[in-house]
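Ligands are counted one by one from 1 in listed order, and the atoms in each one are counted from 1 as well. Owing to the predicted nature of the structure, the values given are computational and were not obtained by experimental measurement.
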Amino acid sequence: MPYNSMMNPSKFIWHNNKLIDWETANTHVLTHALHYGSGVFEGIRAYETSTGPAIFKAKEHYERLLESCSAYDILCDFNVETLIEATVNLINKNQLPACYIRPIVFTDYGSIGIIPKDCTYSTVIAAWEWGSYLGDEGIEKGIRCKISEIMKTPSQAMPSTAKSCANYANSFLAKKRVINQGYDEAILLNQHGNVSEGPGENIFVIKENQITTPPISDDVLKGITRDTVIQLCQDLGYKIREKSIAPDELFESDECFFTGTAAEVTPIREINDKPIGNGKKGKLTHEIQRLYFDIVKGKNNNYKNWLTIC
Ligand code: PMP
């Protein structure tokens with residue numbers, strides 16, 4: 001089977017408490033989640049450290065996964081501890097020094113009505129080697145974004161705090177359109193015209209050393225990297241607040257950056273063809289990015305409790 005260049009298959013996938021071969025980890029074409037998006041998932045990273053692979057904020061990710069399950073009445077048979085243990089074991093069995101981890105809980109095969117009557121649920125964890133989501137050059141030099149004409153789904157329609165598969169039709173559409181126009185990433189506005197987030201990232205804006213990120217009420221996923229960066233900004237002594245952001249504030253800002261497990265801390269150097277600040281990675285962005293990478297790679301002892309060593 002051909003894999004896209006970003007997918008580097010590993011040997012095993014964890015499926016309902018069993019390790020199966022990557023190649024045989026298939027599902028039926030009438031799986032409920034394939035038709036209706038009735039699944040929830042996570043994106044987690046493990047980084048290479050001097051003491052082995054380390055999962056960043058494993059507990060927070062699996063707690064969010066189970067909260068997403070509750071939001072959609074999707075049943076997961078496993079608790080946070082079991083899921084962490086399974087992930088550690090999977091990374092070791094696959095001999096991955098660093099990886100991206102994709103847990104998913106979904107409504108399986110059995111019924112094709114909207115309300116699944118006889119469906120079972122599957123919990124799957126895959127892990128594979130995956131580089132920078134927005135490219136190494138993006139991490140260093142920053143990326144070019146466009147404000148999307150696709151509106152962020154209002155939380156009254158689909159809760160933004162639950163990481164449901166269905167939410168990503170919105171992300172896919174927004175991202176696809178701006179990529180087709182030659183940009184690297186989309187920025188979505190919510191129904192009130194405020195800046196919400198990227199298709200898979202939270203956004204931060206800096207003006208005169210004041211750091212601002214949209215509140216969760218602006219239809220934002222409560223990103224684990226977002227929470228991390230908020231704490232790091234406080235620890236570094238910067239002013240950080242959660243406040244609605246008008247699109248104009250992006251253009252007037254000194255620096256902007258995205259955060260996310262996949263995107264890590266990625267500077268935004270241009271929005272709608274207009275340079276942000278001097279059009280390069282900003283000074284504060286650089287400082288926050290460096291601290292973040294030191295922490296996830298186990299080089300900062302003050303934050304070791306965020307890591308699960310495999
Ligand atoms: N917003 C959306 C829509 C996302 O998909 C993600 C990625 N999970 C994020 C924000 C960032 O969240 P996290 O830092 O938890 O990866």
Side-chain angles (χ1 to χ4, degrees), residues 37 39-47 55-69 71 80 83 87 99-105 125-127 130 132-134 138-139 143 145 147-148 150-155 157-176 178 185-190 194-205 213-233 240 242 245 256-266 268 288-289 291-293 295-296 303 306-307:
V40 296
F41 69 97
E42 268 305 315
I44 314 175
R45 269 192 197 269
Y47 289 86
I55 310 170
F56 184 63
K57 291 204 167 177
K59 183 167 171 280
E60 288 81 349
H61 279 285
Y62 281 119
E63 281 172 356
R64 188 172 66 185
L65 181 73
L66 298 188
E67 281 162 22
S68 299
C69 284
V80 169
L83 293 167
T87 309
C99 58
Y100 182 79
I101 303 153
R102 169 54 56 84
I104 180 165
V105 188
I125 309 171
W130 205 21
S132 320
Y133 175 61
L134 295 166
I139 292 273
I143 58 165
C145 293
I147 297 177
S148 172
I150 299 293
M151 188 215 286
K152 171 78 195 187
T153 317
S155 281
M158 300 216 286
S160 65
T161 47
K163 210 168 150 54
S164 89
C165 299
N167 279 0
Y168 287 81
N170 183 226
S171 291
F172 174 82
L173 199 55
K175 179 156 186 145
K176 188 84 186 128
V178 304
E185 190 56 298
I187 296 172
L188 287 92
L189 306 183
N190 71 2
N194 292 326
V195 175
S196 181
E197 59 182 346
E201 308 89 357
N202 292 111
I203 191 165
F204 287 74
V205 174
T213 193
I216 301 305
S217 53
D218 277 343
D219 307 296
V220 166
L221 179 72
K222 198 172 181 309
I224 286 160
T225 324
R226 176 185 181 275
D227 283 350
T228 304
V229 164
I230 290 175
Q231 175 158 357
L232 296 184
C233 290
I240 168 98
E242 295 177 59
I245 298 172
C256 282
F257 63 89
F258 273 140
T259 63
T261 300
E264 301 165 308
V265 177
T266 298
I268 298 173
I288 294 160
Q289 191 190 54
L291 180 56
Y292 180 77
F293 280 124
I295 292 168
V296 296
Y303 300 94
W306 286 344
L307 303 178

Only heavy atoms of [X], strictly under 4.0 Å: list the atoms of ligand 1 that pass.
X: Gly223; value: 12 (O), 13 (P), 14 (O), 15 (O)
X: Gly260; value: 11 (C), 14 (O), 16 (O)
X: Tyr168; value: 2 (C), 3 (C), 4 (C), 5 (O)

- Of all the heavy-atom pairs spanning Leu221 and Thr161, show the shortest one and how long it is. CD1-O, 3.6 Å
Is it the side chain (CB and beyond), the backbone, both or neither of [X] that lies under 4.0 Å from ligand 1, heavy atoms counted?
X: Leu221; result: side chain
X: Pro199; result: backbone
X: Lys163; result: side chain

- Message: Can you tell whether the side chains of Glu60 and Arg64 come within less than 4.0 Å, N to carboxylate O?
- Response: no
- Are the charged groups of Arg226 and Glu197 less than 4.0 angstrom apart, N to O? no
Does [X] reach the side chain of [Y], with side-chain heavy atoms less than 4.5 Å apart?
X: Tyr100; Y: Ile44; value: no
X: Asn170; Y: Lys152; value: yes
X: Asp219; Y: Thr153; value: no
X: Glu185; Y: Tyr133; value: yes

Just to confirm my output: which protein heavy-atom neighbour is closest to [atom], and how far is it?
atom: atom 1 (N) of ligand 1; answer: Glu197 OE1, 2.7 Å
atom: atom 7 (C) of ligand 1; answer: Gly200 O, 3.4 Å
atom: atom 16 (O) of ligand 1; answer: Thr261 OG1, 2.7 Å

- Could you tell me if any non-hydrogen atom of Glu42 lies under 4.0 Å from any atom of ligand 1? no
Any N or O of [X] that comes nearer than 3.5 Å to an N or O of ligand 1?
X: Ser171; answer: no
X: Thr225; answer: yes
X: Lys222; answer: no

- Query: Are Tyr292 and Thr259 linked by a side-chain donor-acceptor pair shorter than 3.5 Å?
  - Reply: no
- Item | Centroid-centroid under 6.0 Å between Tyr168 and Phe41 rings | yes
- Message: Considering Asn170, Ile224, Asn167 one by one, which has a heavy atom nearer to atom 13 (P) of ligand 1 than any of the others?
- Response: Ile224
